[in-house]
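Hydrogens, waters and symmetry mates play no part in the numbers below; they use all other heavy atoms, side chains included.
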2 protein chains.
Amino acid sequence: MNNAWHKEMLAEVRAGGRISDQDIVEKVRRAVLMQRLPPDTKLPEVTLGEVFGVSRSVVRKALTRLASEHVVDQRPNQVARVRAPSIEETRETFEARRLVEGEVAAQLAGRLDAEVMATLETQARLEAEAHERGDEPARIEHSLTIHHLLAEHSPNRVLGAMLTDLVLRTSIVIALYKRPSLASCYLENDHPRLLDRLGKGDGEAARACVHDHLHSLEALLDLRPRENSIDLMSILGRTAEES
Amino acid sequence: MNNAWHKEMLAEVRAGGRISDQDIVEKVRRAVLMQRLPPDTKLPEVTLGEVFGVSRSVVRKALTRLASEHVVDQRPNQVARVRAPSIEETRETFEARRLVEGEVAAQLAGRLDAEVMATLETQARLEAEAHERGDEPARIEHSLTIHHLLAEHSPNRVLGAMLTDLVLRTSIVIALYKRPSLASCYLENDHPRLLDRLGKGDGEAARACVHDHLHSLEALLDLRPRENSIDLMSILGRTAEES
DNA sequence: GAAACCTTTTTTGTATACAGTTTCATCGTT
DNA sequence: AACGATGAAACTGTATACAAAAAAGGTTTC
């Protein structure tokens, strides 16, 4: 698994109280999102159980839920691993998110109350500041919060839930396929511009803005087909993952 | 639960061999779809275990998966029940499905190979025939097959999976909110027309066709707000949300 | 030196036991 | 007769034990 992460979790768990399967889901999801648990990391049930101080029953339930969230790959008789979506799936995920988030934004335009708009603008500002000072984890956090808030306030809760899922999945693949040369996947004015259009109530402009944003984001990734290195990597490369 | 269904399952299980959690998921999902297990039906773990001849561990896994498919409602310390989506959620589910299935149809137009098109047309014909002779279960079966095939052949597998989920959910709410006066929710020419446009390769026409179809379907339901029982239930019953 | 084979270890699959919670019916009080 | 308390039964939450499968390691053979 990942030893530094172990330690942190252990400390946190000892401090806190009882741990439920939902807590585990959230902590693992977050760790994947923050790139503390890279793709293909093994997640054995007993180890996770020790980390969180619970038995396999609880871990198992958490892993099943993480699998249905597409965060983890759970194959019969094999240890669960952090999922590593293919390049093709990455493209498809972005496309799906454009469709769904575009619609959500269009519906949301002009319907957000002042309080939420203020929170969104604060998060956009905090994101910019985090980027200024090079604090990438904080930047990701604020960026995610923005999209999460849009999903949460979607008038259509079904679409909202779908968007939450897609935001998570795109975040994972961004971490996976980010061009190594880029320090961050920050797009200077995209979020402020989107918020502006949401505030002005122009649904179609907001939709277009979301489309542009997601196309730009996708363009920051290196989605060229790997000749066969993917296969080599997953077959040869993953021996060093002790615990 | 449901005693007739019990008996059937028991017979089937004795005949077959070993049962996995995935088998249980499929059998329960199908039973819900076919209205053998009406909404709010309790699904106690031990009972299900006896029915399928497995222990609670397996049933539990199946139930959590069914919950993430939105088929079952699993609240802490309470017996799982077949989910009964609200009227509002029903509307939102239809809207989401229009968005997703419309896009899938648009992408699919002109790209379906002859074999799949033939299968689709066969299913449409079988649906019409089943309707002629008043065989509603068979009609539903064929109708579902059509939409399932579209989802399965979607070039975008992510959208395809989302569509599969939405088709399931709309089927459940159709069963729930169908006007009692209607024998069936059959729309004479919708499927053949859609297949025709898919074959002709006109994406936008196909999308429009899907939109019309789903609007018509939704219009066959009785989605007027119920005065008392449902709303009271869902409002008063919400004291124990999960964290 | 590499491939095939066998043994050992690790890890998951399933059943089961026990504890904690909810539900429901019964009984007593007003 | 309605209301609330009480206790039993039903059910879920969690831990654990054992069986089966997969992975790892080491040995032999070519």
So if I define the base as every atom that isn't primed, P, OP1 or OP2, how would nucleotides 18-25 of chain D read as a B/S/- string at a heavy-atom cutoff under 4.0 Å? ---SSSS-
Please determine whether the number of non-hydrogen atoms from other residues, nucleotides or ligands lying under 6.0 Å from atom [atom1] of [X] exceeds 12.
| X | atom1 | result |
| --- | --- | --- |
| B:Arg81 | CZ | yes |
| B:His70 | NE2 | yes |
| B:Gln22 | CD | yes |

Are the charged groups of [X] and [Y] less than 4.0 angstrom apart, N to O?
| X | Y | value |
| --- | --- | --- |
| A:Arg157 | B:Glu92 | no |
| A:Glu141 | A:Arg30 | yes |
| B:Glu136 | B:Arg139 | yes |
| B:Asp165 | B:Arg169 | yes |

Could you state the atom-to-atom distance from [atom1] of [X] to [atom2] of [N] in whole Å?
| X | N | atom1 | atom2 | result |
| --- | --- | --- | --- | --- |
| A:Glu50 | D:dA15 | CD | P | 13 Å |
| B:Gln22 | C:dT14 | CD | P | 12 Å |
| A:Arg81 | C:dT12 | CZ | P | 11 Å |
| B:Leu48 | D:dC11 | CG | C1' | 13 Å |
| B:Ile24 | C:dT14 | CD1 | C1' | 12 Å |

Any idea which of D:dA15, C:dT12, D:dC11 is nearest the A:Ser55 side chain?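 Ranking D:dA15, C:dT12, D:dC11 by closest atom to the A:Ser55 side chain puts D:dA15 first.
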B:Glu127 vs B:Gln123, test: side chain to side chain donor-acceptor pair (under 3.5 Å). Steps then yes/no. CA-CA 6 Å; B:Glu127 185 194 6; B:Gln123 292 297 321; over 6 Å; no
Using a cut-off of strictly less than 4.0 Å between a heavy atom of the residue and any atom of DNA chain C, enumerate the qualifying residues of residues 58-75 of chain A by number.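 Heavy-atom cutoff 4.0 Å gives A:Arg60.
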Any B:Ser57 side-chain nitrogen or oxygen under 4.0 Å from OP1 or OP2 of C:dT14: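 So the side-chain polar atoms of B:Ser57 never come under 4.0 Å of the phosphate oxygens OP1 or OP2 of C:dT14.
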